[in-house]
Each structure stands twice: as structure tokens, then as C-alpha cells.
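Order of the sequence lines fixes the chain letters, A, B, ..., with proteins taken first and strands second; residue numbering starts at 1 for each chain.
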Amino acid sequence: MVEIILYIAGGLILLGMLTALWRFVEGPSSADRIMAFDAMTVTSIALIALIAFFNNRIIYLDVALVYGLLSFTGVIVIARFLEKGL
Amino acid sequence: MEYLTLQNIGLVTGFLLILIGLYGALTQKNILRIIVAFTIFDAGLNLVIVALSYIKGRVAPIIDQTTGITNLSEKFVDPVPQALVLTSIVIGVGVTGVMLTFALRMFKTRQSLDINDFKETKW
Amino acid sequence: MVVIILTIVLGLVMISMAVTALTAQRVRAAVLASGIVSLIASIIYLLLAAPDVAMTEAAIGSGLTTIIFFYVLNKIRRSDV
Amino acid sequence: MEIRMLIGSIVTLIGAIFIFLGALGIVRMPDLYNRLQSGTKASTLGTILSIAGIGIINPAWAGKAFIIISFVMMTNPVSSHTLARGAHHLGIPLSKKTVIDKLKEAEANEKKEEQ
């Protein structure tokens with residue numbers, strides 16, 4: 001029962017990632033692409049947590065920790081690049 | 001159907017990434033796009049080496065409460081290719097930085113990013 | 001079986017993003033697409049039982065490479081980058 | 001025991017639904033700023049609920065899950081705010097239905113005080 005609910009949750013998360021990818025391919029301006037990149041990064045944190053549950057290893061959560069700490073620096077650098085002047 | 005394992009999917013994806021990166025590096029004219037293609041080539045190469053070391057049914061080579069400390073060589077995948085890939089990722093970033101520095105110097109001397117404008121280094 | 005389907009979907013996304021990086025109109029879109037290739041490669045490393053490689057790829061391949069590329073693009077600033 | 005695992009999985013499912021609706025908003029919204037608030041608020045809440053559900057299912061993981069939740073809650077709004085400000089400076093047009101633009105008024109006031 002629990003595993004079936006978590007499989008459905010994983011499918012929804014993967015579908016959300018693919019939907020954000022469509023905006024990345026379509027996006028009219030560069031800011032749209034950066035926003036899709038940010039949304040995909042945050043979504044992949046939840047996917048990594050689900051993979052860690054199914055493999056039953058706590059060490060996999062450290063990867064999600066690294067994502068949460070370091071993913072926002074890239075977005076800040078690109079936004080400063082758009083604002084002219086790094 | 002029995003060929004559809006995790007290892008084979010990793011190998012096929014890695015080799016396709018290597019081919020796409022090589023094609024891009026050979027056919028693009030812009031210097032920055034050549035460097036982007038080189039980055040994709042690097043990612044595919046690392047993926048192939050990690051997929052070679054995977055064995056079905058075994059777990060990651062890090063000790064904690066769920067693995068115990070006995071018979072570890074029958075539970076873990078091979079850790080040596082993973083250590084090699086760990087070094088290779090860092091070296092790849094260093095090579096990318098050197099290539100970007102060259103691209104910046106070439107742009108400052110000639111005000112161009114096209115590879116056809118730099119003919120004096122050909123022989 | 002679920003893991004196989006997940007890996008196939010992630011691999012297809014990776015290959016399509018690599019093709020997007022070669023055919024994009026501006027260089028900044030190509031750099032972002034190669035960042036997504038590194039991001040999904042890190043999830044596939046996690047499925048292939050290599051969490052340490054996944055950690056390094058997430059920090060260096062997806063973060064630091066994008067940052068140094070945009071540092072150089074900030075120095076160049078033409079109409080097509 | 002079973003009740004706790006069921007509650008945790010349902011919390012994770014609610015988080016996944018929030019992530020999917022946020023991604024749907026990224027595609028459907030009319031201009032950049034609406035997409036930005038949909039893609040940031042809903043995705044952040046969905047990720048927080050998903051990781052909290054994993055922490056409820058497995059109580060030994062709750063400490064590390066709490067650390068990840070606090071990092072996501074601190075870093076994600078910062079990057080989104082910086083991106084919205086950069087896009088406004090770049091001059092990306094607003095939607096036709098927008099009624100108020102406070103940042104433009106504030107910049108006009110600053111320019112008037114300098115003169």
C-alpha cells in the first residue's frame with residue numbers, strides 16, 4: 001500500500017520534470033529558460049529523496065543536501081549576468 | 001528483453017553522448033560551442049566508465065548500519081572506477097577552464113569568435 | 001522494472017538535451033542545456049550505485065562549469081552569445 | 001506503525017501533486033512573472049512536503065530531512081527574487097492584465113530625487 005502510493009508520487013514528480021523541460025525548449029526569452037532550469041533542480045531533490053527511500057540507504061540523502069546547498073549559486077550568477085554586470 | 005538491464009542502458013546513453021559531442025566538436029564554427037560540445041563528450045565518457053563498474057543486485061561501496069562489516073566484497077560494487085571518475089570530473093573542469101581562457105585571449109586579439117579567422121596556426 | 005523505465009526516460013531526456021545544446025540559437029541556451037545534461041547524469045549515477053560521483057557531478061559539473069562559462073560570456077558580450 | 005507509514009506516504013503524495021501543479025503553471029501562465037511565482041512557490045512547497053513525508057516514514061532520517069528542508073527554504077526564494085529583479089531590469093514585458101507595477105514607480109521616484 002505504502003509503496004504503491006510512493007510509486008504514484010514518483011510518477012507525478014517525473015511528469016512535472018518533463019513539463020518543466022517543455023518550457024525550457026519552448027521558452028521565448030533567456031529568463032524563461034533559467035526559470036525552467038531552477039524548477040528542474042528543485043524537483044530533482046524530491047526525486048533523489050524517493051530513490052533514497054526505495055534503496056533504503058541514508059547516504060543517498062547527502063546528494064540532495066548538496067543540491068539544496070549549491071544549486072542556487074548558479075541561478076544567482078546567471079541572473080546577475082542578465083542584469084548586466086557580474 | 002534480457003538485454004534491457006541498467007548497465008546496458010547506461011552504456012548506450014554514454015556512447016550516444018560521446019558521438020554527439022564528437023560530432024559537435026568537429027562541425028561547429030563558433031569557439032564557445034566547440035567547448036560546450038567538449039563538455040558533453042566528457043559527461044558521456046564518465047557515464048560509460050561508471051556503467052562498466054555496476055553489478056546487478058549490489059549496493060554502493062559505503063559502510064553504514066544496513067550493510068554490516070562482514071563479507072563486504074560480496075555486497076559492494078567495484079569502487080576503483082568510481083574513484084577514477086571522481087578524479088576525471090575535476091580534471092575535466094580544469095581543462096574546460098584553460099580552453100575558456102584561450103578563447104577569451106583569442107577574442108581580445110582579433111575581435112572574432114569564428115574558427116576560420118585564425119589561419120596562421122594551421123600547418 | 002520501474003527503475004528500468006525511469007532510467008530510459010532520463011536517458012532520452014539527456015540525449016535530447018545534448019542535441020538541443022548543439023542546435024540552440026544563442027550560446028547561453030547551449031550552456032544551460034549542457035548544465036541539464038550534467039544534472040540528469042548525476043541522477044543516473046545515483047541509480048548506478050555511485051553516490052559519491054553523483055555528489056561531485058552535482059557540485060562541479062552542474063554548478064561550477066556553468067559559473068565559469070557565464071564569467072567568460074560576461075567578458076565577451078556580443079549580440080549572439 | 002502502519003498508520004505512521006500511511007500518513008508519511010500520503011504527505012509525500014500531496015507534495016508530488018503540488019510539484020506537478022507548479023510545473024503545469026510554468027507552461028500555462030501568460031508571462032514571465034506569473035510563471036516565476038507558480039514555479040517557485042508551488043515547487044518549494046512540494047519539495048518540502050515530499051522530504052517531510054520521507055522523514056515521517058523513516059524516523060531515523062528525520063534529522064537529515066529537517067536540514068534539507070531548511071536549506072531549500074532558505075536558498076530557493078533568494079534565487080527566484082534575484083531572477084525576477086534581473087528580468088525587470090532587462091525590460092521583459094508584463095502581461096496585458098497587470099494592474100500595478102511597484103518596482104517601476106520606486107525607480108521613477110529614485111530618479112526624481114536624484115535630480
(message) Once rounded to the nearest 0.5 Å, what's the spacing between atom CD1 of A:Ile5 and atom CE of D:Met5?
(response) 10.5 Å
(request) For residues D:Leu6 and A:Met1, report the shortest heavy-atom separation together with the two atoms involved. (result) CD1-CG, 3.9 Å
(request) Go through A:Leu18, A:Ile13, A:Thr19 and name the one with the most non-hydrogen pairs under 4.5 angstrom from chain D. (result) A:Thr19
(message) Please classify the contact of A:Val75 with chain D as side chain, backbone, both or neither, using a heavy-atom distance under 4.5 Å.
(response) side chain
(request) Let me know if A:Asp38 has heavy atoms under 4.5 Å from chain D in its side chain, its backbone, both or neither. (result) side chain
(request) Sorted by first residue and then second, give each ring-ring contact (aromatic ring centres under 6.0 Å, His included) pair with at least one member in residues 61-102 of chain D; sequence neighbours left out. (result) none
(request) Could you pull out all residues at least two apart from D:Pro30 that satisfy side chain to side chain contact (heavy atoms under 4.5 Å, CB included)? (result) D:Asn34, D:Ser95
(message) Between D:Ser50 and chain A, with a heavy-atom cut-off of 4.5 Å, which part of the residue counts as in contact: side chain, backbone, both or neither?
(response) side chain
(request) Kindly check if the number of other-residue, nucleotide or ligand heavy atoms within 6.0 Å of CZ (D:Arg28) is above 12? (result) no
(message) Once rounded to the nearest 0.5 Å, what's the spacing between atom CZ of A:Phe24 and atom CD1 of D:Ile26?
(response) 12.5 Å
(request) Side-chain contact test, heavy atoms from C-beta onward, threshold under 4.5 Å: evaluate it for A:Met17 versus D:Ile19 and give yes or no. (result) no
(request) Kindly give the heavy-atom pair with the smallest separation between D:Ala23 and A:Ala20, and that separation in Å. (result) CB-N, 4.4 Å
(message) Looking at every heavy atom in both D:Ser79 and A:Ile76, which two are closest together, and how far apart are they?
(response) CA-CG1, 4.2 Å
(request) Kindly indicate, with the supporting measurements, whether the criterion side-chain contact (heavy atoms from CB on, under 4.5 Å) is fulfilled by D:Glu2 and A:Val2. (result) CA-CA 9 Å; D:Glu2 193 64 35; A:Val2 172; 4.1 Å; yes
(request) Against chain A, work out which of D:Ile51, D:Ile48, D:Asn76, D:Val72 has the most heavy-atom pairs shorter than 4.5 Å and name it. (result) D:Asn76
(message) Distance check, rounded to the nearest 0.5 Å: A:Ile34 atom CD1 versus D:Leu36 atom CG?
(response) 10.5 Å
(message) Quick check: under 4.5 Å, non-hydrogen atoms only, which of residues 67-74 of chain A neighbour chain D?
(response) A:Gly68, A:Leu69, A:Phe72
(message) Does any backbone or side-chain atom of A:Leu61 lie under 4.5 Å from a heavy atom of chain D? Answer side chain, backbone, both or neither.
(response) both
(message) Quick check for you: to the nearest 0.5 Å, what is the distance between D:Thr82 atom OG1 and A:Ile78 atom CD1?
(response) 12.0 Å
(request) Look up atom CZ in A:Arg80 and atom CG in D:Leu83, then write down how far apart they are to the nearest 0.5 Å. (result) 12.5 Å
(message) Between D:Ile17 and chain A, with a heavy-atom cut-off of 4.5 Å, which part of the residue counts as in contact: side chain, backbone, both or neither?
(response) both
(message) Assess the residue pair A:Asn56 and D:Asn58 against the criterion (side-chain contact (heavy atoms from CB on, under 4.5 Å)); give the C-alpha distance rounded to whole Å, side-chain angles, the decisive distance to 0.1 Å, and a yes or no.
(response) CA-CA 10 Å; A:Asn56 200 13; D:Asn58 225 338; 4.2 Å; yes
(request) May I have all residue pairs that pass ring-ring contact (aromatic ring centres under 6.0 Å, His included) and include part of residues 6-42 of chain D, sequence neighbours excluded? (result) none
(message) Which one wins on heavy-atom pair count under 4.5 Å against chain D: A:Ala31, A:Pro28, A:Gly11, A:Ser29?
(response) A:Ala31
(message) As an exercise, state the distance from CZ of D:Arg35 to CG of A:Asp32, rounded to the nearest 0.5 Å.
(response) 4.5 Å
(message) Under 4.5 Å from any heavy atom of chain D, what part of A:Ala52 do you find: side chain, backbone, both or neither?
(response) both
(message) On a heavy-atom basis, which atom in D:Ile68 and which in A:Ala64 lie closest, and how many Å separate them?
(response) CD1-CB, 4.0 Å
